[in-house]
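What follows is one structure encoded as structure tokens, with my remarks underneath.
Residues take their numbers from the sequence shown, with the count starting at 1.
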Amino acid sequence: QVQLVESGGGLVQAGGSLRLSCAASGRTFSSYVMGWFRQAPGKEREFVAAIHWSGLTTYYADSMKGRFTISRDNAKNTVYLQMNSLKPEDTALYYCAAKEGLFGYELRAKYHFWGQGTQVTVSS
């Protein structure tokens, strides 16, 4: 069982940066693939980024490549999402999620555990 708590969201101007954190409880955090998803009002929850349990391999949705960076600190049971060059269309509720195994890392249905989300609002 893994419990996830996101933080770091807020209001930022376009072009600005935010770093989201996701603190996990449970002794097996280091064995999970961790992902970030987001959901804007009226839209489906979409994949943002994922990171292998080792932290050595990362995956991104095409629209986030070059702007977002996912990382993890297994000693702190925490995964991060550094977001740069933010745009108004990045406004959404951002969720942290955990899954076993790498297959389907981009699919929300494959994730077993979810946080409550942290709101990111980017003003123009």
Side-chain angles (χ1 to χ4, degrees):
Q1 188 78 9
V2 177
Q3 294 181 331
L4 305 172
V5 179
E6 302 95 335
S7 62
L11 174 64
V12 64
Q13 289 188 331
S17 299
L18 281 175
R19 188 175 83 153
L20 306 183
S21 299
C22 173
S25 64
R27 293 178 294 175
T28 58
F29 170 78
S30 60
S31 65
Y32 287 95
V33 169
M34 300 299 297
W36 284 97
F37 288 74
R38 69 185 186 184
Q39 187 167 17
K43 294 188 176 181
E44 295 285 323
R45 191 173 300 187
E46 65 173 346
F47 170 73
V48 174
I51 187 166
H52 188 260
W53 64 267
S54 68
L56 297 178
T57 308
T58 56
Y59 309 88
Y60 298 92
D62 287 343
S63 61
M64 286 67 160
K65 287 181 180 177
R67 297 192 302 126
F68 292 7
T69 302
I70 188 171
S71 61
R72 67 191 295 164
D73 186 337
N74 287 341
K76 295 182 178 180
N77 280 11
T78 302
V79 61
Y80 305 96
L81 185 68
Q82 177 67 44
M83 305 186 295
N84 299 327
S85 302
L86 284 163
K87 307 173 183 180
E89 51 264 43
D90 293 317
T91 295
L93 190 59
Y94 283 71
Y95 295 92
C96 172
K99 67 183 300 296
E100 297 175 354
L102 190 58
F103 177 76
Y105 64 83
E106 76 280 18
L107 302 175
R108 64 180 183 178
K110 296 294 185 181
Y111 284 78
H112 310 294
F113 306 104
W114 291 85
Q116 294 299 307
T118 185
Q119 179 67 39
V120 172
T121 303
V122 184
S123 62
S124 57

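Here CG of Asn74 is found 9.5 Å from CE of Met34. Values are rounded to the nearest 0.5 Å. From Met83, atom CE reaches atom OH of Tyr94 across 5.0 Å, with rounding to the nearest 0.5 Å. Atom-to-atom distance recorded for Phe113:CZ and Leu4:CG is 8.5 Å, nearest 0.5 angstrom. Interatomic distance, CG of Leu93 versus OG1 of Thr118, reported as 7.5 Å (0.5 Å rounding). The OG atom of Ser85 sits 13.5 Å away from the CE atom of Met64 when rounded to the nearest 0.5 Å. Rounding to the nearest 0.5 Å places CZ of Arg72 at 7.0 Å from OG of Ser30.
Looking at Thr91, its side chain never comes within 3.5 Å of a backbone N or O of Thr121 through a donor-acceptor pair. For Glu6 (side chain) and Cys96 (main-chain N/O), a donor-acceptor pair under 3.5 Å exists by modelled atom type.
The cluster map of Ile, Leu, Val, Met, Phe, Trp and Tyr, joined by side-chain heavy atoms under 4.5 Å apart, puts Tyr80 and Ile70 in different clusters. Hydrophobic clustering places Val12 together with Leu20 (ILVMFWY residues linked when any side-chain heavy atoms are closer than 4.5 Å, directly or through intermediates). Residues Tyr59 and Val33 fall within the same hydrophobic cluster, defined by Ile, Leu, Val, Met, Phe, Trp and Tyr side chains chained together at heavy-atom separations under 4.5 Å. The hydrophobic cluster containing Tyr111 does not contain Phe29, counting ILVMFWY residues as joined when their side-chain heavy atoms lie under 4.5 angstrom apart, directly or transitively. By the criterion of side-chain heavy atoms lying less than 4.5 angstrom apart, applied directly or through intervening Ile, Leu, Val, Met, Phe, Trp or Tyr residues, Ile51 is not grouped with Trp53; the two fall into different hydrophobic clusters.
Nearest heavy atom pair, residue Ser124 against residue Ala14, reads CA-CB, 4.4 Å. Across all non-hydrogen atoms, the minimal contact from Thr78 to Ser21 is CG2-CB, 4.3 Å.
Relative to the ring axis of Phe37, Arg45 does not place its NZ or CZ within 45° and under 6.0 Å from the centre. A cation-pi arrangement is not found for Arg38 relative to Tyr95, the charged atom failing to lie both closer than 6.0 Å to the ring centre and inside a 45° cone about the ring normal.
In this structure, Phe47 has its ring center under 6.0 Å from that of Tyr105. The aromatic ring centroids of Trp36 and Phe68 lie 6.0 Å or more from each other.
Within the structure, every pair that satisfies the salt bridge (Lys or Arg N to Asp or Glu O under 4.0 Å) test and touches residues 97-114, not counting sequence neighbours, is listed here: Glu44-Arg108.
Counting only N and O atoms by type, the side chains of Ser17 and Asn84 include a donor and acceptor under 3.5 Å apart.
More than 12 heavy-atom neighbours from other residues, nucleotides or ligands sit within 6.0 angstrom of CD on Gln119.
Electrostatic pairing of Lys87 and Asp90 does not count as a salt bridge here, judged by no charged N lying under 4.0 Å from a carboxylate O.
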